[in-house]
Amino acid sequence: MYRIDIMTLFDETVGDMMNESILGRAQERDIIRIEAHQIRDFTLNKQKQVDNYPYGGGHGAVMQADPLYQCWKHIVDTHGPGHTIFMSPAGKTFHQARAKDLSTQEDHLILVCGHYEGIDERFIEECVDEEISLGDFVLTGGELAAMVVADAVARLIPGVLSDPECFEEESHWNGLLEYPQYSRPEIWHDRAVPSILLSGHHANIKKWRRKQAILRTWRRRPDMYAKLDLSSKSDQKLLKELREEAPDFH
């Protein structure tokens, strides 16, 4: 069973979110286990204080090393060692490839959610294996980032989704953005579903979807498109067709 422990000041909120929908059903089937731990429960003072003023001065407060350590140690002592990740705007940017690696190379993650002006660097030095950021922006706490990482990794664990195709054709899995999706009804607000999707011709549908994925990636994420390997004969043929069908494509 794949295990994810989240160290947080908002354990009820995080725990409730991680126990809903697909992830909740996967936990009921003992495929994964996601548990949120209240850092305040591991303080040694009556006030359950977890922060204090930063040495050297400055605004705000810093989360103290010892409550974090005691919470982390409890997880390790109870559930065994885990790959510890601190959710930090100073970390490496998270992406789908890293989610895939974490889902296959690890079986236990410990996600640390910071707050205030950050956490004591000594805890990072002693206990953290990796720092991860969602992007070049700052959140008020690490909970949202931790839930994103937990969700992105957990859904790749075998059995969480009904079939690997559920994620293998999604955006970022193979370097492409996902093709457009349509559902019932066939016509909505005078907008019709592309006729190819109604044809029942699976080979043509697969070809159309790849062309749309290539086109969408070219239009929206030129940085991703520049890294694609489209040198195969089949892709070269698709590129030729796209140049004829989409005037802006080149």
Side-chain angles (χ1 to χ4, degrees), residues 1-52 60-91 94 98-99 102-103 105-134 138-157 160:
M1 181 172 62
Y2 197 102
R3 182 175 184 89
I4 301 175
D5 289 290
I6 302 176
M7 296 169 49
T8 173
L9 297 178
F10 303 94
D11 56 312
E12 293 184 359
T13 301
V14 172
D16 288 346
M17 187 66 181
M18 294 286 95
N19 280 282
E20 294 292 335
S21 187
I22 292 172
L23 299 187
R25 291 193 291 273
Q27 293 192 70
E28 290 174 358
R29 302 198 305 274
D30 290 328
I31 297 171
I32 59 172
R33 178 70 61 222
I34 303 176
E35 185 175 351
H37 303 264
Q38 173 56 259
I39 298 169
R40 293 188 189 279
D41 290 344
F42 298 89
T43 58
L44 301 179
N45 57 75
K46 294 181 180 179
Q47 296 79 22
K48 293 189 177 297
Q49 181 181 349
V50 297
D51 63 291
N52 213 318
V62 174
M63 291 185 70
Q64 296 167 290
D66 200 61
L68 289 164
Y69 174 76
Q70 296 300 333
C71 182
W72 178 85
K73 186 175 184 298
H74 167 77
I75 294 170
V76 171
D77 289 346
T78 305
H79 304 293
H83 184 73
T84 303
I85 300 173
F86 172 45
M87 311 312 304
S88 165
F94 189 60
R98 188 64 189 128
L102 290 173
S103 72
Q105 298 174 6
E106 306 293 341
D107 59 10
H108 182 197
L109 298 183
I110 302 174
L111 307 182
V112 182
C113 303
H115 254 276
Y116 313 118
E117 295 303 311
I119 70 176
D120 194 306
E121 186 71 18
R122 291 169 294 185
F123 172 79
I124 299 174
E125 293 171 351
E126 183 158 336
C127 303
V128 171
D129 300 304
E130 178 181 5
E131 296 184 50
I132 283 181
S133 168
L134 293 190
V138 179
L139 300 171
T140 55
E143 283 73 20
L144 289 174
M147 288 190 286
V148 167
V149 170
D151 189 291
V153 173
R155 66 195 306 276
L156 300 181
I157 304 302
V160 173

Original post:
Do the side-chain N and O atoms of H115 and E143 include a donor-acceptor pair separated by under 3.5 angstrom?
Top reply: yes
Original post:
Can you say whether the rings of W72 and F123 are parallel (under 30°), tilted (30 to 60°) or perpendicular (over 60°)?
Top reply: perpendicular
Original post:
Any donor and acceptor pair, going by atom type alone, linking the side chain of E12 with main-chain N or O of A36 inside 3.5 Å?
Top reply: no
**OP:** Rounded to the nearest 0.5 Å, what's the gap from CE on M87 to SG on C113? Could you check?
**Re:** 7.5 Å
**OP:** Report yes if the distance between the aromatic ring centroids of H74 and Y69 is under 6.0 Å, otherwise no.
**Re:** no
Subject >> Distance-minimising heavy-atom pair for G91 and S133 >> reply: O-CB, 3.5 Å
**OP:** Kindly indicate whether the side chain of Y2, heavy atoms from C-beta on, has any atom under 4.5 Å from the side chain of L156.
**Re:** no
Subject >> E131 side chain vs I85 backbone, donor-acceptor pair below 3.5 Å >> reply: no
**OP:** Using only heavy-atom distances, determine whether the side chains of H37 and D5 contain a donor-acceptor pair under 3.5 Å.
**Re:** yes
Original post:
Can I32 and I4 be said to form a side chain to side chain contact (heavy atoms under 4.5 Å, CB included), step by step?
Top reply: CA-CA 8 Å; I32 59 172; I4 301 175; over 6 Å; no
Subject >> Validation row: Y116, V50 side chains within 4.5 angstrom (heavy atoms) >> reply: yes
Original post:
Less than 4.0 Å between a side-chain N and a carboxylate O, is that true for R98 and E130?
Top reply: yes
Subject >> M63 and its side-chain contact (heavy atoms from CB on, under 4.5 Å) partner, picked from I39, D120, N52, V112 >> reply: I39
**OP:** Say whether, by atom type as modelled, one donor and one acceptor occur between the side chain of S21 and the main chain of L23 under 3.5 angstrom.
**Re:** no
Subject >> Heavy-atom pair of closest approach, residues A99 and F94 >> reply: CB-CZ, 3.7 Å
Subject >> Under 3.5 Å donor-acceptor, H108 side chain and G80 backbone >> reply: yes
Subject >> Donor-acceptor under 3.5 Å (Q47 side chain, Q49 main chain) >> reply: no
Subject >> Atom pair CG (L102) and CG (L111), whose distance is rounded to the nearest 0.5 Å >> reply: 9.0 Å
Subject >> Nearest atoms (heavy-atom pairs only) where V160 meets A154 >> reply: CG2-O, 3.2 Å
Original post:
When you look at NZ of K48, are more than 12 heavy atoms from neighbouring residues, nucleotides or ligands closer to it than 6.0 Å?
Top reply: yes
Original post:
Who pairs with H79 by ring pair (Phe, Tyr, Trp, His ring centres under 6.0 Å), at least two apart in sequence or on another chain?
Top reply: none
Subject >> Pairwise distance CE(M17) to CD1(I6) - rounded to 0.5 angstrom >> reply: 11.0 Å
Expected list for residues 145-152: side-chain donor-acceptor pairs under 3.5 angstrom, two or more places apart:
none

**OP:** Check whether any side-chain N or O of T43 sits under 3.5 Å from a backbone N or O of R40 as a donor-acceptor pair, and report yes or no.
**Re:** yes
Original post:
Do the side chains of V62 and D51 get nearer than 4.5 Å, heavy atoms only?
Top reply: no
Subject >> Q38 side chain vs L9 backbone, donor-acceptor pair below 3.5 Å >> reply: yes
Subject >> Reported CD1-to-CD1 distance for the pair I31 and I157, which is rounded to 0.5 angstrom >> reply: 10.0 Å
Subject >> Beyond-backbone contact of R3 with D107, side-chain heavy atoms, under 4.5 angstrom >> reply: no
Subject >> Passing candidate, side-chain contact (heavy atoms from CB on, under 4.5 Å) with D30, options Q27, E28, R33 >> reply: R33
